[in-house]
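In this text, all values refer to a predicted model and were calculated from it rather than measured experimentally. Labels below follow one simple rule: chain letters A, B, ... track the order of the sequence lines, proteins then strands, and each chain is numbered from 1.
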Number of protein chains: 2
Amino acid sequence: MRILVIEDEHKIANSIKKGLQQESFAVDAIYNGTEGYDLASTEDYDLIVLDLLLPGMDGLEICKKLRDKQIHTPIIMLTAKDQVEDKVKGLNSGADDYLAKPFAFEELLARIRALARRPKNTITNTLAIEDLTLDTENFVVKRAEKMIELSKKEFSLLEYLMRHPGQILTKDQIINHVWDYDADVLPNTVEVYIGYLRKKIDNSFKNKTILIHTHRGFGYKIGSPK
Amino acid sequence: MRILVIEDEHKIANSIKKGLQQESFAVDAIYNGTEGYDLASTEDYDLIVLDLLLPGMDGLEICKKLRDKQIHTPIIMLTAKDQVEDKVKGLNSGADDYLAKPFAFEELLARIRALARRPKNTITNTLAIEDLTLDTENFVVKRAEKMIELSKKEFSLLEYLMRHPGQILTKDQIINHVWDYDADVLPNTVEVYIGYLRKKIDNSFKNKTILIHTHRGFGYKIGSPK
DNA sequence: TAATCTTCTCAGCCAATTTTCAGCCAAAAA
DNA sequence: TTTTTGGCTGAAAATTGGCTGAGAAGATTA
């Protein structure tokens, strides 16, 4: 799956690129509109992440030109929150989805997954580890068939952990994925949220295996054994 | 159920595609007339959604050609409002139904359901949750046998909720389904309408179960338990 | 045309969630 | 063993999301 990111703010472009690569997509990042358009129209990408405001040629224009050229690659448009989202939508640019800045990386990932969810429902949208399940579409989390109520952040954090089972994730990684890219939260916040999750999915099931593990100095991991 | 969407405005084509897939139809979208015609005449679809104005070959022409070829796949024709609907109808192109742009997705869905209901009235058109019923054909809503008067929007929102019982629907999803695709309403509007519905179907029945539930940060859900 | 109904936005309120802080404990290092 | 560091946790503070009454604007009906 090849993805092209056209975004002039290097910080954002690179964090998107890094994040997507980590999810094993092949990513090219380009920092201005004209070059972006050239690449998009000559190379064959599976998806384009496109900033609305760009030097050279702006997002709307790129989008329209590509569609005019009968290039139907799915496009996700990034818009600054105050950039009159609605107007953009009305303008019929041909983008497939919109995402307001600043966003959490997992948010972008969710939309990419939605667009990539090609023809059939071949893709499961339920993640599972042991008897813990998380339905990404209906926002339902259960352990041993028992419903667990989570807040939005808790859910998002758990989803991130469960998409990387058995893998140690550092607090930094967690912050970069689960929180808005310009949010500026302390690592302690992650600890607090891990605490919340534990209370709900481990502590409430005393006789069950512990699923959330701390690796002191490294990070957290979800999975059966330590 | 395989559906072919022939529509050159990507925004519309894709939102239809996405919405129909969510309803678990298998959907192909094609953005120009010629290709659309080729697909429609070679592949075997159960239904075609066809825009009137298209690059390549326009909707009327496609329609006629298909009928000439003895292809009787049901066709829903999309027409811009000012495109003199009546004239189109008069032209007897062979389409089975017409829908004026811009439309709410649920509107299209209703017509698709109607056409799919072809082989006799095998399908119930009354939705029910506990003692709340909604007759999609006669636009009658009752709780505990008591009639409830709803406005058009309220009805449409309730229908959408009731077609997805027990499922959390986000405000975005709701807006995309219940409002015209180019409408540009705030999420707060959904809150307000949920409020109206609650007043009529929950608050008026103090001794009954509450049916409309909020899941803070996620969306709304209709169903018996929380 | 006036009266009424419907749709939608806005602003203020309240409650739930998110985030920080400070003190504590346990593991690792010295 | 002592010290240091990293992580845990209860509680308070800050922020956000959702609800609601009021009302403007548009649509429909009488």
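In this structure, E23(A) does not pair ionically with K18(A), as no charged nitrogen and carboxylate oxygen lie closer than 4.0 Å. Ionic pairing of E9(B) and K101(B) is present here: one or more N-O contacts between side-chain nitrogen and carboxylate oxygen are shorter than 4.0 angstrom. A salt bridge is absent between K200(B) and E149(B): the closest approach of a Lys/Arg side-chain nitrogen to an acidic carboxylate oxygen does not fall below 4.0 angstrom. With salt bridges taken as basic N to acidic carboxylate O contacts below 4.0 Å, none links D180(B) and K153(B).
With sequence neighbours excluded, the residues satisfying side chain to side chain donor-acceptor pair (under 3.5 Å) with R143(B) are D131(B), D202(B). In terms of the side chain to side chain donor-acceptor pair (under 3.5 Å) criterion, H10(A) has no residue partners (sequence neighbours excluded). Shown here are the ring pair (Phe, Tyr, Trp, His ring centres under 6.0 Å) partners of F218(B), two or more places apart in sequence or in another chain: F139(A), F155(A).
Summarising the geometry, the separation between CZ on F155(B) and P on dT6(C) is reported as 14 Å, rounded to the nearest angstrom. Between the C1' atom of dT17(C) and the CH2 atom of W179(A) lies a distance of 12 Å, rounded to the nearest Å. Rounded to whole Å, the distance from NZ on K200(A) to P on dA16(C) is 13 Å. Here dT18(C) presents its C1' atom at 15 Å from CG of L150(A), a figure rounded to the nearest Å. Note: CZ (F139(B)) to P (dT6(C)) measures 15 Å, nearest angstrom. The nearest whole Å value for the distance from the NZ atom in K153(B) to the C1' atom in dC5(C) is 15 Å. If you measure from atom CD of E154(A) to atom P of dA16(C), you get 14 Å, rounded to the nearest angstrom.
Residue contacts shown for D180(B) are absent, as no nucleic acid heavy atom lies under 4.0 Å away.
Closest contact between the side chain of L186(B) and the listed nucleotides dT19(C), dC21(C), dC10(C) involves dC10(C).
Aromatic ring centres of Y181(A) and F103(A) lie closer together than 6.0 Å. With ring centers used as reference points, Y193(B) lies under 6.0 Å from W179(B). Side-chain rings of Y31(B) and H72(A) approach one another, their centers coming within less than 6.0 Å.
For the helix from dT1(C)-dA30(D) to dA30(C)-dT1(D), the terminal axes (five pairs an end, C1' atoms, rotation from four pairs onto the next four) enclose an angle of 30°, given to 10 degrees.
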Check the interface with nucleotides 17-24 of chain D: list each N/O to N/O pair with the protein under 3.5 Å, or write none.
unit_1: dG17(D); atom_1: O4'; unit_2: R216(B); atom_2: NH1; d: 3.3
unit_1: dG17(D); atom_1: N2; unit_2: R216(B); atom_2: NH2; d: 3.4
unit_1: dG17(D); atom_1: N3; unit_2: R216(B); atom_2: NH2; d: 2.8
unit_1: dG18(D); atom_1: OP1; unit_2: G217(B); atom_2: N; d: 2.9
unit_1: dG18(D); atom_1: OP2; unit_2: K171(B); atom_2: NZ; d: 2.4
unit_1: dC19(D); atom_1: OP1; unit_2: R198(B); atom_2: NH1; d: 2.8
unit_1: dC19(D); atom_1: OP1; unit_2: T214(B); atom_2: OG1; d: 2.6
unit_1: dC19(D); atom_1: OP2; unit_2: Y220(B); atom_2: OH; d: 2.5
unit_1: dT20(D); atom_1: O4; unit_2: N188(B); atom_2: ND2; d: 3.1

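Closest-nucleotide positions on DNA chain C for Y193(A) and V185(B) were compared, and the one nearer the 5' end corresponds to V185(B).
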If a protein heavy atom is under 4.0 Å from the base, mark B; if only from the sugar-phosphate, S; if neither, -; do that for nucleotides 25-30 of chain D going 5' to 3'. ------
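Side chains of Q173(B) and N176(B): no donor on one and acceptor on the other come within 3.5 Å.
Within the 4.0 Å cut-off from OP1 or OP2 of dT18(C), at least one side-chain nitrogen or oxygen of S151(A) is found.
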